[in-house]
Chemist: 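Mind having a look at this structure? Questions to follow.
Counting begins at 1 with the first residue of the sequence.
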Amino acid sequence: MKKTIILFVLLLAASFSVSAQIGMYEALEAHGEGAKYQEYWSVGKSEETGKYHIDGKRYVLTAEIKRLPSGVPVGFSLIKVEDGKSWRGADVMTDYERAIGYPHIVTRHKYNKDGYAVVGDYIFSLDGISEDGLSFDRIDAIYIKIGGEEKAEEEPKEKKKMSLKEKMKAAKEKVKAAAMVSYGPEHQKACDTDLGKLVSDYLKEMKAKQDANPATAKQKAEIKEIEFARKNKDADLKAYNDSIRATPEYKKLKEHQKRMAEMEKGSAGEKVTIVNGTSSPIRVDSFNITPGSSRTFDCDFDIYLMKTDKAKNEVVRSRKLSSARTNCGRTITVN
């Protein structure tokens with residue numbers, strides 16, 4: 001009888017581990033109240049070594065989960081420790097941002113196709129998220145939990161003899177590693193992790209678990225509550241907007257905007273293409289561009305190449321790449 005009870009408990013524990021679903025809010029809660037995260041806005045993968053380089057150290061932040069009055073989570077805010085201001089985050093109550101899965105696995109903007117996922121000690125800002133939430137194009141930024149769990153040191157392995165070619169390759173990689181900036185063990189651990197695989201595996205594993213374990217009655221009620229709250233928000237917003245549109249001030253503003261649009265239609269909608277011709281990621285305005293990639297920008301505004309001011313620990317303008325309305329339809333390569 002005792003063996004039967006033990007076997008039942010083990011089977012129950014195994015069943016729970018298989019069906020356990022850790023969404024983004026559960027992961028944030030597991031980090032603990034007041035957990036801090038270090039932001040790095042430049043994340044890329046070396047084609048030669050396959051390792052990640054993580055740079056652009058910026059703000060230290062905390063994560064605050066957004067909830068409906070009932071307590072149902074609908075997003076989170078990343079708040080700067082230095083001034084308490086909200087910096088970035090996810091909010092599925094907005095017009096175009098939605099969460100995939102329940103519990104929420106990843107958020108996705110309908111048009112920008114960017115969003116967030118929380119995996120282990122990391123909050124990821126992702127670009128090019130697929131409609132089903134199972135894939136993405138790249139990691140735009142990473143927020144590493146400060147004081148995250150570190151790997152135990154492994155026993156030193158017996159060195160094998162290397163060929164001359166292998167020695168030259170190892171020496172080359174050693175020089176590259178020495179040139180890379182290290183921001184401590186948590187940063188190094190992230191650099192040594194295949195972050196793309198980590199996120200991809202998580203998204204696929206969670207989707208498989210949710211497919212195998214349909215939403216409970218409680219979860220279905222929470223999903224309906226989110227949808228109802230969003231519809232009510234939209235109704236309130238529409239009523240407010242209608243009242244604004246009826247004012248003389250709003251009508252004058254629209255007339256002014258129409259005149260300005262007619263004056264500028266010669267360049268309206270035109271773009272400037274910025275190409276990264278360097279071997280490292282660059283930051284242009286608020287966007288990262290990986291080596292060999294490009295991005296289009298509105299030619300009606302100044303465009304700046306950014307850099308990290310390590311003394312001030314913030315991102316500042318390095319130089320102007322294009323002045324407003326001077327390079328419409330052109331391509332500029334940063335070398």
Side-chain angles (χ1 to χ4, degrees), residues 7-31 43 45 52 63 65-68 70-76 89-143 145 148-149 190 193-231 233-234:
L7 180 60
F8 173 76
V9 171
L10 290 173
L11 287 172
L12 185 63
S15 173
F16 177 78
S17 65
V18 170
S19 62
Q21 298 180 21
I22 305 299
M24 60 171 53
Y25 312 122
E26 291 80 8
L28 290 174
E29 287 173 341
H31 291 167
V43 183
K45 188 175 184 180
Y52 278 82
I65 298 175
K66 298 177 180 180
R67 300 179 185 275
L68 297 178
S70 63
V72 175
V74 290
F76 66 88
D91 187 351
V92 302
M93 296 298 291
T94 58
D95 289 341
Y96 301 115
E97 191 169 9
R98 296 291 181 267
I100 297 172
Y102 202 85
H104 296 163
I105 304 170
V106 61
T107 61
R108 180 182 185 271
H109 191 281
K110 181 178 180 180
Y111 298 110
N112 299 338
K113 299 179 183 178
D114 57 357
Y116 290 87
V118 184
V119 188
D121 287 335
Y122 311 127
I123 300 173
F124 292 96
S125 173
L126 306 174
D127 273 350
I129 301 170
S130 62
E131 196 168 349
D132 60 7
L134 290 176
S135 64
F136 59 95
D137 290 341
R138 68 186 187 91
I139 299 170
D140 179 60
I142 185 172
Y143 305 84
K145 181 174 176 289
E149 182 182 352
T193 302
D194 189 337
L195 299 174
K197 185 176 185 302
L198 177 71
V199 179
S200 294
D201 288 351
Y202 166 78
L203 296 176
K204 291 172 184 175
E205 180 185 350
M206 284 295 295
K207 179 67 165 58
K209 284 182 177 179
Q210 292 190 355
D211 287 347
N213 298 274
T216 63
K218 179 177 179 295
Q219 290 173 333
K220 288 178 181 178
E222 290 173 349
I223 293 169
K224 285 184 178 179
E225 186 177 349
I226 293 172
E227 292 173 351
F228 179 79
R230 187 186 293 123
K231 287 177 181 177
K233 174 191 74 74
D234 291 343

Chemist: Salt-bridged, R67 to E29, with N to O below 4.0 Å?
Modeler: yes

Chemist: Tell me, do R98 and R230 make a side-chain contact under 4.5 Å, heavy atoms counted?
Modeler: yes

Chemist: Nearest 0.5 Å please: distance from the CG atom of N112 over to the CD1 atom of I129.
Modeler: 10.5 Å

Chemist: Between Y116 and F76, how do the two ring planes meet: parallel, tilted or perpendicular, split at 30° and 60°?
Modeler: perpendicular

Chemist: Is the backbone N or O of Y202 less than 3.5 Å from a side-chain atom of E205, with the two atoms forming a donor-acceptor pair by type?
Modeler: no

Chemist: Side-chain contact, heavy-atom cut-off 4.5 Å: Q219 with P103?
Modeler: yes

Chemist: Check whether any side-chain heavy atom of L198 sits under 4.5 Å from a side-chain heavy atom of Y122, and report yes or no.
Modeler: yes

Chemist: Closest heavy-atom contact between Y52 and G196?
Modeler: OH-N, 3.0 Å

Chemist: Report yes if the side chains of K113 and D137 come closer than 4.5 Å at any heavy-atom pair, otherwise no.
Modeler: no

Chemist: Less than 4.5 Å apart, side chain to side chain, heavy atoms only: is that true for V119 and D201?
Modeler: no

Chemist: When you check the gap from the basic side-chain N to the acidic O, do K231 and E227 get nearer than 4.0 Å?
Modeler: no

Chemist: Going by heavy atoms in the side chains, are D114 and L126 under 4.5 Å from each other?
Modeler: no

Chemist: Is there a side-chain contact between R138 and V43, using heavy atoms and a 4.5 Å cut-off?
Modeler: no

Chemist: Does any non-hydrogen side-chain atom of L203 lie less than 4.5 Å from one of I105?
Modeler: yes

Chemist: Measuring from I100:CD1 to E131:CD, what's the distance to the nearest 0.5 Å?
Modeler: 8.0 Å

Chemist: What closest approach, in Å, do I226 and P73 show between heavy atoms, and which atom pair accounts for it?
Modeler: CD1-O, 4.1 Å

Chemist: How far does CZ of F124 sit from CE of M24, to the nearest 0.5 angstrom?
Modeler: 12.0 Å

Chemist: Count the heavy atoms of every other residue, nucleotide or ligand shown that sit under 6.0 Å from NZ of K66, and state whether that count exceeds 12.
Modeler: yes

Chemist: Give me the atom names and distance for the closest heavy-atom approach of V106 to A117.
Modeler: CG2-CB, 4.2 Å

Chemist: Ring-plane angle category for Y25 and H104, please: parallel below 30°, perpendicular beyond 60°, tilted otherwise.
Modeler: perpendicular

Chemist: To the nearest 0.5 Å, tell me how far L68 CG sits from M93 CE.
Modeler: 5.5 Å

Chemist: Look at the side chain of S130 and the backbone N and O of S135, then say whether any donor-acceptor pair between them is shorter than 3.5 Å.
Modeler: yes

Chemist: Taking H31 for the side chain and E26 for the main chain, is one N or O donor matched with an acceptor at less than 3.5 Å?
Modeler: no

Chemist: Would you give the length of the straight line joining atom NE2 of H109 to atom CG of D91, rounded to the nearest 0.5 angstrom?
Modeler: 11.0 Å

